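Remarks on the structure that follows.
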Amino acid sequence: MLTISTGNNAVAAAVREAGTGVVAAYPITPQTEIVEQIANFVTKGSMKASYIPVESEHSAMAACIGASITGIRTFTATSSHGLLYMNEMVNWAAAARLPIVMANVNRALGPGWNVWAEHTDSLQARDTGWLQVYVATVQEAYDATLMAFRIAEDRRVYLPVMVNLDGFTLSHITQQLEDVKIGDFIPPLVLDHKIDPAHPGGYGCMTSSVDYVRIRSDIERSMRDSVEVIRETEAEFAKRFGRSYSWTDDYRCEDAEVLILSMGTLGKEAEVAIDILRSEGVKAGSMRVRWIRPFPNLDLGDRELVVIDRNYSFGFGGILAGSIRAKTGKTCYNVIAGLGGQEVTYHDIASFVRNRKIGTEEWFGVKI
Amino acid sequence: MYEIRLHSRGGQGGVTAAKLMALAAFRDGKYATAAPFYGAERRGAPIVSFIRIDDQQIKIYSQIHQPDLVVVLDSSIINLVNVFDGLKPDGKVLINASEIPKAASGYKSYCVDLTGIALKTDLIVAGSPILNTPVIGALAKLGLFSKESARAAIAEMFADERNLKAAMMAYEELVV
């Protein structure tokens with residue numbers, strides 16, 4: 001059915017449609033609507049799941065780990081300080097090879113206290129073994145959440161997936177949403193290493209470096225195998241439901257001489273900037289990077305690159321720009337913009353391209 | 001693209017009004033987005049929401065700086081915030097008031113007593129008159145969306161018939 005929804009409610013609707021069995025969560029702005037809505041579904045009986053209210057985000061992920069390891073479909077949602085607080089368990093979930101799906105509503109970190117959009121929270125979790133996708137529309141938040149379960153639960157992956165959406169900018173905006181009847185798109189979860197509560201066993205004991213290295217390398221092998229699983233899942237989703245997704249969301253890139261690379265809603269706003277630049281005769285295109293883990297192979301050719309980072313790694317630079325430099329060997333003009341919900345309009349984005357100085361970094365709105 | 005900036009106070013239903021506007025436009029077959037701007041919100045503080053309506057998919061997430069229409073749910077905000085900031089030369093203003101405030105006289109302004117309508121229809125929650133459904137009727141009269149889509153949007157979000165009644169009263173009372 002075609003209707004309207006906020007980003008948060010779209011995620012909640014997808015979690016219900018996916019047949020999720022356990023949700024353990026702790027509320028935090030601007031994520032609260034997601035778990036509030038799921039709690040409503042469970043209370044009113046439209047979702048047959050156990051909803052576990054817990055006393056902290058650390059406990060939320062611990063409860064998800066306990067549920068997931070029995071082979072049940074498990075979800076949680078958090079944001080910002082909540083994600084940081086659960087970080088120990090976030091690492092654990094991946095290393096225990098549990099296909100948990102989490103929505104992270106991207107929000108800046110304090111102090112100064114700030115509840116608005118920024119990607120530094122989830123990017124701090126980029127080395128945990130979680131797959132990470134970043135979305136830009138209400139529809140994509142819904143679709144990506146559904147696909148996340150199928151990708152995570154694939155035997156070739158068995159890793160958790162984090163779906164990231166911009167705080168307020170996407171979590172609270174109302175846009176149109178077409179929901180789906182999921183059918184058998186997500187097969188029943190079969191977790192080979194599940195623990196049967198009736199016959200309890202345990203693992204995670206002291207591990208020698210020999211086994212530890214094998215376990216770690218197996219995470220990376222699955223991360224590499226996930227590339228094919230993501231491709232298959234997105235292709236199957238397009239076939240069944242008519243909406244196509246890929247590693248990047250490309251706009252007017254074919255003949256582009258300069259590319260804007262960004263993540264999240266800024267990547268959609270960038271498309272409006274591209275139209276303006278094109279009307280001025282600038283052959284520009286936008287490539288919105290969706291998947292950060294596994295990091296995609298980007299075909300950038302010899303085009304000039306303007307990379308917008310809504311995040312920062314102090315003493316290093318923008319994380320997307322740094323990743324692109326590391327993976328492609330290409331230099332870029334790195335603009336740090338949108339931190340703490342800083343207003344960045346399509347006019348601003350167009351001016352980033354007009355004023356690009358390849359090989360330099362600039363902070364939008366301030367001089368350092 | 002038609003861009004609307006909605007000014008209200010926390011607790012008056014501005015966020016819901018913005019959603020209803022998007023839904024009514026959507027039921028007209030348009031694309032629409034409604035984005036409340038969240039500051040340190042609390043009951044009574046001035047807040048603002050942005051609504052965009054277009055025939056094509058809307059890709060803009062930033063704030064509206066040059067609105068086609070400004071809607072003011074609480075006329076006392078006019079003394080605190082420059083609600084007319086950036087209003088397009090041919091832009092319109094809709095104010096919840098029984099007469100057009102002096103500050104709005106230089107603009108293409110319209111007024112309707114939404115608070116009075118809410119009181120008359122007993123549309124009161126926790127002691128406050130509800131303005132978000134009556135304003136939808138007034139906006140339909142202004143031509144933002146059809147009367148049918150306004151009714152459909154309200155019926156979709158609220159079962160209580162007083163909402164629809166108040167909206168239709170606002171539709172009748174607004175003089176355009």
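If you're wondering where the values come from, they're calculated on a predicted model, not measured in any experiment. Scope of the values below: all heavy atoms of this structure, side chains included, with no hydrogens, waters or symmetry mates. Per chain, numbering begins at 1; letters A, B, ... match sequence-line order.
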- request: Sort T6(A) into side chain, backbone, both or neither according to what part of it lies under 4.5 angstrom from a heavy atom of chain B.
  value: side chain

message: Looking at chain B, which one of L2(A), V344(A), T137(A) has the largest number of heavy-atom pairs inside 4.5 Å, strictly under?
response: L2(A)

- request: Measure Y61(B) against the heavy atoms of chain A and call it side chain, backbone, both or neither at under 4.5 Å.
  value: both

Pairs of heavy atoms under 4.5 Å with chain A: top-ranked of R27(B), E156(B), R52(B): R27(B)

R278(A) with D255(A): basic N within carboxylate O range, under 4.0 Å: yes

task: Go through the atoms of E343(A) and report whether side chain, backbone, both or neither lie under 4.5 Å from a heavy atom of chain B.
output: side chain

message: Heavy-atom pairs under 4.5 Å with chain B: which of E271(A), K268(A), E269(A) has the most?
response: E269(A)

message: What part of L266(A) gets within 4.5 angstrom of chain B, counting heavy atoms only: side chain, backbone, both, or neither?
response: neither

task: Just give me the residue among T169(A), T29(A), D166(A) that pairs up with chain B most often, heavy atom to heavy atom, under 4.5 Å.
output: T169(A)

field: Stacked cation flag K59(B) on Y251(A), 6.0 angstrom / 45 deg
entry: yes

task: Of all the heavy-atom pairs spanning N8(A) and I34(A), show the shortest one and how long it is.
output: OD1-CG1, 3.3 Å

- prompt: Can a cation-pi geometry be assigned to R356(A) and Y333(A), taking NZ or CZ under 6.0 Å from the six-membered ring centre and within 45° of the ring axis?
  reply: no

task: Please look at V115(A) and chain B and tell me whether the side chain, the backbone, both or neither of the residue comes under 4.5 angstrom of a heavy atom of that chain.
output: neither

- prompt: For D68(B), which of M1(B), K92(B), K88(B) qualifies under side-chain contact (heavy atoms from CB on, under 4.5 Å)?
  reply: K88(B)

- request: List the steps and the verdict of side-chain hydrogen bond (donor to acceptor under 3.5 Å, both in side chains) for E234(A) and W291(A).
  value: CA-CA 12 Å; E234(A) 289 177 343; W291(A) 288 94; 3.0 Å; yes

- request: Under 4.5 Å, counting heavy-atom pairs only, tell me which of L170(A), T3(A), V272(A) racks up the most with chain B.
  value: T3(A)

message: Under 4.0 Å between a side-chain nitrogen and a carboxylate oxygen: does that hold for D85(B) and R5(B)?
response: no

